[in-house]
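The structure presented is a predicted model; accordingly, all values stated were derived computationally and were not measured. All heavy atoms count here, side chains included; hydrogens, waters and symmetry mates do not. Count residues from 1 along the sequence. Whatever order the structure lists them in is the order used to number ligands and atoms, beginning at 1.
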Amino acid sequence: MTRSSDQSRSERIAVYPGTFDPLTNGHVDIILRGSKLFDRIIVAFLVNVEKTPLFPIAERLALARSVFREHEHVEIDQFDGLLVDYARRRGASAIVRGLRAISDFEYEMQMALMNRRLNPGVETVFMMPAEKFTYVSSRLVKEVFALGGEVAGLVPEAVEAALRDKPRGMA
Ligand code: PNS
């Protein structure tokens with residue numbers, strides 16, 4: 001066995017799935033923390049045909065790629081179907097999810113246990129963002145922006161610029 005195939009076999013890969021509409025600094029914080037724990041973290045954007053996102057999937061992916069262009073261990077990708085199937089295809093041993101508050105816990109626990117039932121080989125790892133991001137969500141960012149509020153510091157600069165390009169009422 002060559003050294004390189006040996007290495008790729010032992011590479012620890014995590015998937016960080018979500019809608020990311022839009023990516024917030026809370027997400028960025030989790031991705032950077034995750035990238036220290038894993039050899040590669042794949043930020044996996046759910047292609048959800050039922051929801052009407054503010055940012056089309058192509059724009060969300062492009063924004064994330066620009067934010068992480070200098071982070072070679074962070075990969076940006078999209079998926080549809082079951083998350084555990086995607087994780088298996090990508091050789092991931094872990095699913096990373098952020099936990100901001102107790103209110104996140106119930107939904108996250110349900111998903112983690114369902115995913116474990118579907119594929120016991122993939123472990124869900126919860127990570128806490130920095131305290132300053134515990135109240136930040138994509139939904140609130142969109143609402144505050146739509147109503148004329150300031151979102152600087154809550155989202156990456158590229159996302160803030162992209163928000164400014166949208167008509168305020170849309171967000
Ligand atoms: O950012 P979100 O909207 O909280 O992310 C939710 C996401 C994408 C992680 C979840 O909806 C998901 O994994 N969807 C893929 C379909 C699937 O596997 N469903 C069963 C999950 S238990």
Side-chain angles (χ1 to χ4, degrees), residues 12-35 37-38 40-68 71 74-130 132-146 151 154-156 158-160 162-163 166 170-171:
R12 285 170 312 160
I13 301 172
V15 171
Y16 178 48
T19 310
F20 307 114
D21 183 40
L23 189 76
T24 69
N25 281 342
H27 297 133
V28 172
D29 181 279
I30 295 288
I31 294 163
L32 295 179
R33 285 173 202 280
S35 71
L37 283 184
F38 297 95
R40 185 148 44 109
I41 182 157
I42 303 170
V43 186
F45 286 67
L46 175 68
V47 181
N48 191 339
V49 283
E50 282 162 28
K51 280 191 189 170
T52 313
L54 175 62
F55 291 96
I57 184 77
E59 192 176 3
R60 276 180 279 153
L61 290 166
L63 283 168
R65 289 197 174 107
S66 80
V67 171
F68 291 101
H71 297 260
V74 178
E75 181 185 329
I76 310 298
D77 196 12
Q78 65 185 72
F79 78 104
D80 56 15
L82 279 179
L83 173 61
V84 288
D85 290 344
Y86 173 76
R88 189 185 284 121
R89 280 201 304 279
R90 299 304 317 269
S93 55
I95 293 167
V96 167
R97 291 288 287 174
L99 267 189
R100 292 164 299 190
I102 293 287
S103 51
D104 285 339
F105 183 76
E106 200 169 343
Y107 169 61
E108 294 297 336
M109 190 187 73
Q110 280 181 347
M111 276 208 303
L113 294 180
M114 181 61 81
N115 283 331
R116 179 182 284 166
R117 179 192 161 95
L118 294 168
N119 182 353
V122 180
E123 205 62 57
T124 298
V125 176
F126 293 110
M127 302 191 73
M128 276 182 277
K132 62 183 174 183
F133 298 129
T134 48
Y135 63 92
V136 179
S137 70
S138 299
R139 186 184 61 78
L140 274 187
V141 163
K142 284 186 281 195
E143 186 173 317
V144 168
F145 183 80
V151 296
L154 304 181
V155 292
V159 171
E160 197 192 336
L163 275 167
K166 306 247 176 231
M170 265 187 79

### Message
Would the distance check show the side chain of T24 and the main-chain N or O of V136 forming a donor-acceptor pair, the cut-off being under 3.5 Å?
### Response
no

### Query
Is any NZ, NE, NH1 or NH2 atom of the basic residue among R90 and D77 found under 4.0 Å from an Asp or Glu carboxylate oxygen of the other?
yes

### Message
Closer than 4.0 Å to some heavy atom of L83 - which atoms of ligand 1 meet that?
### Response
13 (O), 17 (C), 18 (O)

### Message
Looking at K166 and E59, is any side-chain nitrogen of the basic one under 4.0 Å from a carboxylate oxygen of the acidic one?
### Response
yes

### Query
Donor-acceptor pair, R116 side chain versus V122 backbone, under 3.5 Å?
no

### Message
Please report whether atom 12 (C) of ligand 1 has a protein non-hydrogen atom at a separation of less than 4.0 Å.
### Response
no

### Task
Could you tell me whether R97 approaches ligand 1 through its side chain, its backbone, both or neither, with non-hydrogen atoms closer than 4.0 Å?
side chain

### Query
Which heavy atom of the protein is the closest neighbour of atom 10 (C) of ligand 1, given with residue, atom name and distance?
M111 SD, 3.9 Å

### Atoms of ligand 1, numbered as shown, that sit under 4.0 Å from any heavy atom of G18
1 (O), 5 (O), 8 (C)

### Query
Hey, is F79 one of the residues with a heavy atom under 4.0 angstrom from ligand 1?
yes

### Summary
ligand 1 atoms nearer than 4.0 angstrom to some heavy atom of M114 are 22 (S)

#### Entry: For G81, atoms of ligand 1 separated by under 4.0 Å from a heavy atom
15 (C), 16 (C)

### Task
Do me a favour and list the nearest non-hydrogen protein atom to atom 6 (C) of ligand 1 with residue, atom name and distance?
Y107 OH, 3.7 Å

### Query
How far apart are the C-alpha atoms of T124 and F126, what are their side-chain angles, what is the distance that settles it, and do they pass the side-chain contact (heavy atoms from CB on, under 4.5 Å) test?
CA-CA 7 Å; T124 298; F126 293 110; 3.7 Å; yes

### Task
Identify whether the distance between the nearest side-chain nitrogen and carboxylate oxygen of D21 and R139 falls below 4.0 Å.
no

### Query
In the protein, what heavy atom is nearest to atom 14 (N) of ligand 1, and what distance, to one decimal place, separates them?
L46 CD2, 4.0 Å

### N115 versus L83, closest heavy-atom pair with distance
ND2-CD2, 3.9 Å

### Query
Heavy atoms only: which of I95, T19, T124, D21 is nearest to atom 2 (P) of ligand 1?
T19

### N/O separation below 3.5 Å, L82 to ligand 1
no

### Task
Test R100 against Y135 for side-chain contact (heavy atoms from CB on, under 4.5 Å), laying out the working first.
CA-CA 7 Å; R100 292 164 299 190; Y135 63 92; over 6 Å; no

### Query
Are any of the side-chain nitrogens in R89 or D85 under 4.0 Å away from the carboxylate oxygens of its partner?
no

### Message
Quick test of your reading of the structure: of N119, V15, N115, whose heavy atom lies closest to atom 21 (C) of ligand 1?
### Response
N115

